[in-house]
Amino acid sequence: MSELSALLQEDRRFDPSAEFVKHAHVSDPGVYAAAAADPEGFWANFARELEWMQPWSKVLDWQPPHAQWFVGGKLNVAVNCLDRHVRTWRRNKAAFIWEGEPGDRRTLTYFDLHRQVCQFANVLKGLGVTKGDRVALYLPLIPELAIAMLACARIGAVHSVVFGGFSAESLRDRINDAQARVLVTADGGYRRGSIIPLKQMADEALKETPSIEHVVIVKRGHGDIPVHVTEGRDRWYHRLMDDASADCPPEEMDAEDMLYILYTSGTTGKPKGIVHTTAGYLLGVYATTKWVFDLKDDDVYWCTADIGWVTGHSYVVYGPLANGATVVMYEGAPDWPRKDRFWEIIERYGVTIFYTAPTAIRAFMRWGTDWPAGRNLSSLRLLGSVGEPINPEAWIWYHQHIGHERCPVVDTWWQTETGSILISPLPGVTSTKPGSATQPFPGISVKVLTQRGEDVPVGGGLLALTRPWPSMLRGIYGDPERYVQQYWSRWSNGIYFTGDGAKIDEDGYYWLLGRVDDVLNVAGHRIGTMEVESALVDHPNVAEAAVVGRVHQIKGHALCAFVTVKEGVGHSESLADELKGHVAHKIGAIARPDDIIFAADLPKTRSGKIMRRLLRDIADGKTLGDTTTLADPSVVARLKAQYEDET
Ligand code: 7RM
């Protein structure tokens, strides 16, 4: 692999500065050995920093592949994120500093947030929601989304957030899979100056969601977003809140009670409902937010992710609030109205910790250094990256032009399933190498294995997790078999398969190499090739479709769809556009294919499997490798010639 050798030539190193080390939460490299010698003791010590209603009797009960952490312990996530701080000097500390894309601004203190969470918890109770019920949240990036999540946590309801960029059909499928009783949505949100009509899309979904009894609508717009209110079913958030009491005793939750479900793409057409529970998840996000970001009370912390993704759940809401941090939230796009919107926000609020995705960094690089140079970024002291491998050039650019060579860069590897960061530098300890996520977090056991499960001490293979960790997923909602088969069956029962390729270098540093399954990472978003294929073949003119990722300068991967059409249908530009629109309508704009390539045939093995590897090579313009297992090798040659003609 040529990408691999390029990575291994990356031998620049960046040590933490003496100044940073002096004040860091962790500066002693001994934490690694101590945690490795007694991982359960390590997690138990950290767990004592949380607030418990009843202590646990056993740290870990591991019946592979089912783990229970902090057995017998009772606690409430909202208490840990709010009440605990409200009782201290943090009562009037800013919890959220929010900015809407059109420029509206709001600040909520911990006291404000606590009150509104309690009120909304009472609203949910008033609608009949009780412990264990599912509540679907389809909202823009506004404080009410975090309020609704925490309100669910307070009364023991299970939230399922659906990213506002997903289509009505995607929302419908998630609501039905989770059997949600209540949907909380908004009139709409703002993105690049235009309105996303969430309620209108929700209405479309609600035609086929029999489990939903009530809909709550947050008024986000300024009267500029039309909403249809269905009497008896729909209610305005602000009206319900006006009448709600701010007194809501928290539900005592078992350590293993469900906290939320979040759908993510996998290797089949149907997204998986990843289940996270109370204590282990809270501990994982609490510990990693504190140590990886070196979070202190005077920090102003900004993670740019949308709350609709796991990064937003863990590092906009639960992790930072559990730490009592001040969190910046921004609703919109980085280039609206100008390409320095992020740098303007950092300057305005004095952001000290900034966490974003490589795809954004590569876009900033393309826009040029004048934009960040025109703003005062001197408040920054730490930079983070997440979502996909960061190429060394982007890492160096980020370090130079945003961090002014003063800020450590933490490249954090994790997944929806892992709940919290598992591989990352500790900024006061780790010497970083651009492009490497460096080392497993203390207490985490990682290995690189071959297909057959042999240990790879140095070199490339598949990334595996060899011990359970507190914030691990507890299952796939409603599908226990898929949980076992998807994650725990590649090797021995008890070794978790991440779906990622990785390489360990001579210094024991991990280099993440991207997905090895049918999951693509497009602009930091996880998209299943099968989902896009299903959406394409759903179109009446399409016979077959195969979707692959093509290497893309900014987005990491672009979606490239090879399509065969039905008898009598012609290949045309207008059909290609129609198919792109069809996918966007079915799944959401994030899944809109970049290229549609009409093919006479798709290359298949003799057993009829589409050879995606060959299609990937065609899309990347590589010379083709071995095609001898193909049923008809000429299909590929024709396709390649055609692709080169068309692009
Ligand atoms: C947090 C998140 C998970 C997939 C994962 C990887 C990729 C995430 C990094 C990364 C290289 C990183 N959750 N990934 N972080 N690859 N370096 N620092 O993104 O469930 O949406 O995606 O993302 O392939 O398996 S996710």
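For ligands, and for the atoms within them, numbers begin at 1 and follow the listed sequence.
- Applying the salt bridge (Lys or Arg N to Asp or Glu O under 4.0 Å) test to Asp177 and every residue at least two apart in sequence or in another chain returns Lys270.
- Remark: Arg13 is positioned above the aromatic ring of Tyr509, its terminal NZ or CZ atom under 6.0 angstrom from the ring centre and at most 45 degrees off the axis.
- Within 4.0 Å of ligand 1, contacts by protein heavy atoms are made from Val310, Thr311, Val386, Gly387, Glu388, Pro389, Asp411, Thr412, Trp413, Trp414, Gln415, Thr416, Asp500, Leu512, Arg515, Asn521, Arg526.
- Side-chain contact check for Arg12 versus Ile396: some heavy-atom pair is nearer than 4.5 Å.
- Using the six-membered ring where Trp is involved, Tyr496 and Trp488 have ring planes that are perpendicular, over 60° apart on the 30 and 60° scheme.
- For the pair Arg341 and Tyr330, the cation-pi criterion (under 6.0 Å, within 45° of the ring axis) is not fulfilled.
- A donor-acceptor pair shorter than 3.5 Å cannot be found between the side chains of Gln439 and Tyr510.
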